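Residue indices begin at 1 and follow the sequence shown. This is a predicted model, so every value here is computed, not measured. Computed from heavy atoms alone, side chains included, the values below leave out hydrogens, waters and symmetry copies.
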Amino acid sequence: LRAQEEQDHIMQRRIPAAALTIQRVWRGHRARQQIKPRIEWHLNMQIPEFRAAVVIQAAWRGYLGRQYAAAEREWRTQQQYIASLKAAVNIQRVYRGHLGRKFVREYRKQHHAKISEIKHRAALNIQRVWRGHLGRQLARERQYDAMIAWE
């Protein structure tokens with residue numbers, strides 16, 4: 001549900017951005033179409049300064065485009081690196097959780113075995129003491145009976 005909400009939020013931001021991009025591209029196209037006859041007229045007039053300006057502008061726009069593309073590649077590389085770090089941290093987190101649960105399971109098993117052994121020894125000790133008590137009581141009764149029979 002949260003992922004769907006995040007996706008809806010992203011789409012709500014992308015749709016207006018996409019509309020603005022379409023409008024910007026269309027206006028640029030329309031402006032270029034309107035100015036194209038004037039540019040052709042200047043080129044036909046063979047004005048060297050204008051041609052030089054066009055070449056300089058084209059070179060500058062190419063330079064800026066290459067700089068932008070390089071920055072975009074660098075940003076994407078950083079984002080991929082960050083995403084891979086997050087994935088590695090997530091894998092480590094899951095694995096450490098697995099190890100922790102395994103450790104606790106083994107510890108509980110061993111602890112349960114130790115407790116069972118302690119309880120078993122305690123039961124044996126109680127039985128031993130009780131049997132000794134019964135034996136001594138029986139011996140006293142026999143001794144008493146023997147004394148009565150002797151008299």
Side-chain angles (χ1 to χ4, degrees), residues 1-39 51-151:
L1 184 63
R2 180 172 165 84
Q4 181 63 36
E5 289 174 357
E6 287 180 18
Q7 192 173 12
D8 290 345
H9 182 68
I10 289 170
M11 288 306 292
Q12 287 174 354
R13 286 187 297 172
R14 282 187 180 173
I15 290 173
L20 289 174
T21 301
I22 292 169
Q23 291 170 359
R24 185 187 72 236
V25 169
W26 171 251
R27 289 178 185 140
H29 170 73
R30 194 172 60 196
R32 283 188 299 279
Q33 293 301 316
Q34 289 173 352
I35 200 148
K36 191 174 185 178
R38 284 192 250 164
I39 292 173
R51 279 193 136 174
V54 169
V55 169
I56 292 170
Q57 289 171 355
W60 179 249
R61 284 192 303 270
Y63 171 77
L64 289 180
R66 287 187 296 278
Q67 293 296 317
Y68 176 78
E72 182 73 18
R73 278 191 302 275
E74 177 68 23
W75 183 81
R76 284 192 179 153
T77 302
Q78 289 174 355
Q79 294 303 313
Q80 289 171 345
Y81 178 72
I82 290 169
S84 66
L85 283 180
K86 286 181 180 178
V89 167
N90 197 31
I91 290 169
Q92 290 171 353
R93 177 184 61 81
V94 169
Y95 183 69
R96 287 176 182 153
H98 164 73
L99 287 181
R101 287 185 296 277
K102 182 178 176 183
F103 173 79
V104 168
R105 191 171 39 251
E106 290 297 322
Y107 175 78
R108 284 182 179 166
K109 187 187 292 184
Q110 291 173 359
H111 185 68
H112 179 71
K114 286 179 184 178
I115 295 296
S116 294
E117 179 64 25
I118 291 170
K119 286 180 180 179
H120 179 69
R121 286 186 183 179
L124 289 177
N125 200 23
I126 291 170
Q127 290 171 3
R128 179 183 58 78
V129 170
W130 178 252
R131 288 178 185 145
H133 169 71
L134 288 179
R136 285 187 298 279
Q137 189 177 17
L138 183 61
R140 275 193 298 273
E141 287 176 7
R142 285 186 183 165
Q143 189 178 21
Y144 181 73
D145 289 343
M147 266 179 41
I148 291 190
W150 179 255
E151 292 180 358

Output the distance between atom [atom1] ([X]) and atom [atom2] ([Y]), rounded to the nearest 0.5 Å.
| X | Y | atom1 | atom2 | result |
| --- | --- | --- | --- | --- |
| R140 | M147 | CZ | CE | 13.0 Å |
| H29 | Q34 | NE2 | CD | 10.0 Å |
| E74 | Q79 | CD | CD | 10.5 Å |
| Y68 | R73 | OH | CZ | 11.5 Å |
| I82 | T77 | CD1 | OG1 | 11.0 Å |

Would you be so kind as to tabulate the donor-acceptor pairs closer than 3.5 Å made by side chains of residues 97-114, with sequence neighbours excluded?
from : atom 1 : to  : atom 2 : distance (Å)
R101 : NH1    : G97 : O      : 3.3

Counterpart residues, ring pair (Phe, Tyr, Trp, His ring centres under 6.0 Å), relative to W60 (two or more places apart)
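Partners of W60 under the ring pair (Phe, Tyr, Trp, His ring centres under 6.0 Å) test: Y63.
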
Can you establish whether the number of heavy atoms outside Q92 located under 6.0 Å from its atom CD is more than 12?
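Above 12, so yes.
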
Among all residues two or more places apart in sequence or in another chain, which pass the salt bridge (charged side-chain N to carboxylate O under 4.0 Å, His left out) test with R32?
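Scan of R32 (salt bridge (charged side-chain N to carboxylate O under 4.0 Å, His left out), adjacent residues dropped) gives none.
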
Quick one: list whatever passes salt bridge (charged side-chain N to carboxylate O under 4.0 Å, His left out) with E6, sequence neighbours left out.
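E6 satisfies salt bridge (charged side-chain N to carboxylate O under 4.0 Å, His left out) with R2 only.
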
Non-neighbouring partners of D145 that pass side chain to side chain contact (heavy atoms under 4.5 Å, CB included), sequence neighbours left out
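Testing D145 for side chain to side chain contact (heavy atoms under 4.5 Å, CB included), a comparison that skips the adjacent residues, returns none.
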
Which residues satisfy the side chain to side chain contact (heavy atoms under 4.5 Å, CB included) test with L124, sequence neighbours excluded?
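Testing L124 for side chain to side chain contact (heavy atoms under 4.5 Å, CB included), a comparison that skips the adjacent residues, returns H120, Q127.
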
Can you check whether Q23 reaches W26 side chain to side chain, under 4.5 Å on heavy atoms?
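Result no, sub-4.5 Å side-chain heavy-atom pair not found.
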
Is there side-chain contact between L138 and L134, with at least one heavy-atom pair below 4.5 Å?
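Side-chain contact under 4.5 Å: no.
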
